[in-house]
There are 2 protein chains.
Amino acid sequence: MEKLLEPQPGWVDSLSETRSALARLSTAERVADVLRTHLIEGRILPGTRLSEDTIAGALAVSRNTLREAFRLLAHERLLVHELNRGVFVRQLTVDDVIDLYRVRRILECSAVRATAQYTPGVVARVRAAVHEGETAARDGGWQEVGTANMHFHLALAALSGSPRVNELMHQLLAELRLVFHVMARPQQFHEPYLGDNARICGLVEAREGERAAAALADYLDRAEQQLVHAFTAG
Amino acid sequence: MEKLLEPQPGWVDSLSETRSALARLSTAERVADVLRTHLIEGRILPGTRLSEDTIAGALAVSRNTLREAFRLLAHERLLVHELNRGVFVRQLTVDDVIDLYRVRRILECSAVRATAQYTPGVVARVRAAVHEGETAARDGGWQEVGTANMHFHLALAALSGSPRVNELMHQLLAELRLVFHVMARPQQFHEPYLGDNARICGLVEAREGERAAAALADYLDRAEQQLVHAFTAG
DNA sequence: CACTACAGATTGCTCAACAATCCCTCAATC
DNA sequence: GATTGAGGGATTGTTGAGCAATCTGTAGTG
């Protein structure tokens, strides 16, 4: 009888892993999702003011609900909220870029260094992201290459095994996307790093934490310099 | 004439530094502030549901405004929001405690290690926090000792020179405060670490980044173990 | 004892309204 | 001519009421 009740040990756990997908979203959260994609895809220029009336009308939600969504996105630093003036699309400064890369270096490098915490699943995710990037570079658009690159770095951060580091990483990358769009030629920004990704992935798979961290730090330094340069030049 | 107009070069900059104090807060933010203090001071037990009507009435604000405040605090992880069920005071699990300390180790240790980024001002803040703790231990309550301890670790994180690390640290410590209150004897939790603080501060002042980081990691390990133990026991 | 149905309470969201604030324009002043 | 001050229109901040959707506990049914 008990065998019948538990045909696959642990299936309850596998169910509970999907509960986040099951958890419906409130209207405010769905509105925030819509706006978030628009923002990170660069459809709305940094500095633009988002009118409550206009957007509430366009999305057919009440102003109050829209304001809840604004609060969420402001907390994610994608929007800035100025009292009595409204919300604006975040405009990153050079200092922001420098700080973002500083935090990335801290999080990603320490995650990569801690080989003791690696799990096979997450290491596989790193490799998968490398493949995704190579496929995207061969077949298709720079947009996909960029996305694959994000997945790669998210996978690196996930090596830490820390939910909070994961969430942080998501947030940092979302912020960074705001600045990628000011680059003149985005495809030329991401592609050169595909080789680095593969190399770092190899070091991770070999559990060479220190060397992987060093390579990653160098990687991030170059990317930062490139962005800062594009910033001060443009 | 020009001398009269600019008696102290750069005074405009010093003005603009204080503009954050001038920025008024919206009602929702003030409400969030009030609730935040109540939460981190442990006045409301974790798990408690916060009724919108009751609290809106008590604070004399509308439900809409209160909900905005709830969103802010949920994003800071002090409250959890369950759709159609309401908001609850966050209940930290053992896994949360472990993760919080994992992130603290990453942030604080890397900040302390990067001696190149130290500035005299922030190093002084570390020393000041040590003094604050010693004074509090001599004169007064454990509450103050705990606060001084927070200041110490905030100052350590500030050594990174990163605004985002600072904000993160604030958030992590606010979260941790939720769990400090479940400890039976809070004063006995913080006091033993005063000696460690002084020692680490000395290493920081001597720019012994690596040794300071090692001492700090050991410190955090012990604190984590103590908390985890209190958790599984109680 | 398990399961269903109902009722009360609470949240989710909307709408309309008004106060407070900002921003722009146009004079007025020095 | 540049700065200051006073409207006036537009936008945000906040409120309160109202209704639909959902949850929770209870009572009833098999």
Closest approach to the side chain of [X], judged atom by atom: which nucleotide of [options] is it?
X: N84(A); options: dG12(C), dC22(C), dT15(D); result: dC22(C)
X: R24(B); options: dC23(C), dC22(C), dT14(D); result: dC22(C)
X: S51(A); options: dC13(C), dT12(D), dT15(D); result: dT12(D)
X: R49(B); options: dT14(D), dT11(C), dC23(D); result: dT11(C)
X: R63(A); options: dA17(D), dT12(D), dC22(C); result: dT12(D)

> Are any of the side-chain nitrogens in R164(A) or E175(B) under 4.0 Å away from the carboxylate oxygens of its partner?
Replying inline: yes
> Can R105(A) and E224(A) be counted as an ion pair, charged N to O under 4.0 angstrom?
Replying inline: yes
> Does T27(A) put a side-chain nitrogen or oxygen below 4.0 Å from OP1 or OP2 of dC13(C)?
Replying inline: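 True: T27(A) side-chain N/O within range (under 4.0 Å) of dC13(C) OP1/OP2.
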> dC15(C) phosphate, OP1 or OP2: any side-chain N/O from S62(A) under 4.0 angstrom?
Replying inline: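 No, because none of the side-chain N or O atoms of S62(A) sits under 4.0 Å from OP1 or OP2 of dC15(C).
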> Taking the six-membered ring for Trp, are F189(B) and F180(B) parallel (under 30°), tilted (30 to 60°) or perpendicular (over 60°)?
Replying inline: tilted
Atom-to-atom span, [atom1] of [X] to [atom2] of [N] - whole angstrom:
X: F70(A); N: dC13(C); atom1: CZ; atom2: P; result: 16 Å
X: L59(A); N: dT14(C); atom1: CG; atom2: P; result: 11 Å
X: H81(A); N: dT21(C); atom1: NE2; atom2: P; result: 14 Å
X: N64(A); N: dG16(D); atom1: CG; atom2: P; result: 13 Å
X: L25(A); N: dC13(C); atom1: CG; atom2: C1'; result: 15 Å
X: R67(A); N: dT14(D); atom1: CZ; atom2: P; result: 7 Å
X: L83(B); N: dG12(C); atom1: CG; atom2: C1'; result: 8 Å
X: D53(B); N: dG8(C); atom1: CG; atom2: P; result: 18 Å

>> Both G86(B) and T65(A) contact DNA chain C. Which one's nearest nucleotide lies toward the 5' end?
In response: G86(B)
>> Under the criterion side-chain contact (heavy atoms from CB on, under 4.5 Å), I'd like the reasoning laid out for H38(A) against V34(A): C-alpha separation, chi angles, the key distance, then a yes or no.
In response: CA-CA 6 Å; H38(A) 275 253; V34(A) 170; 4.1 Å; yes
>> Counting the atoms with a prime plus P, OP1 and OP2 as sugar-phosphate, which does L66(A) contact under 4.0 Å by heavy atoms, base, sugar-phosphate, or nothing?
In response: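 Touches nothing.
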> Side chain of R90(B), backbone of R77(B): donor and acceptor closer than 3.5 Å?
Replying inline: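 Pair found, side chain donor or acceptor close to backbone of R77(B).
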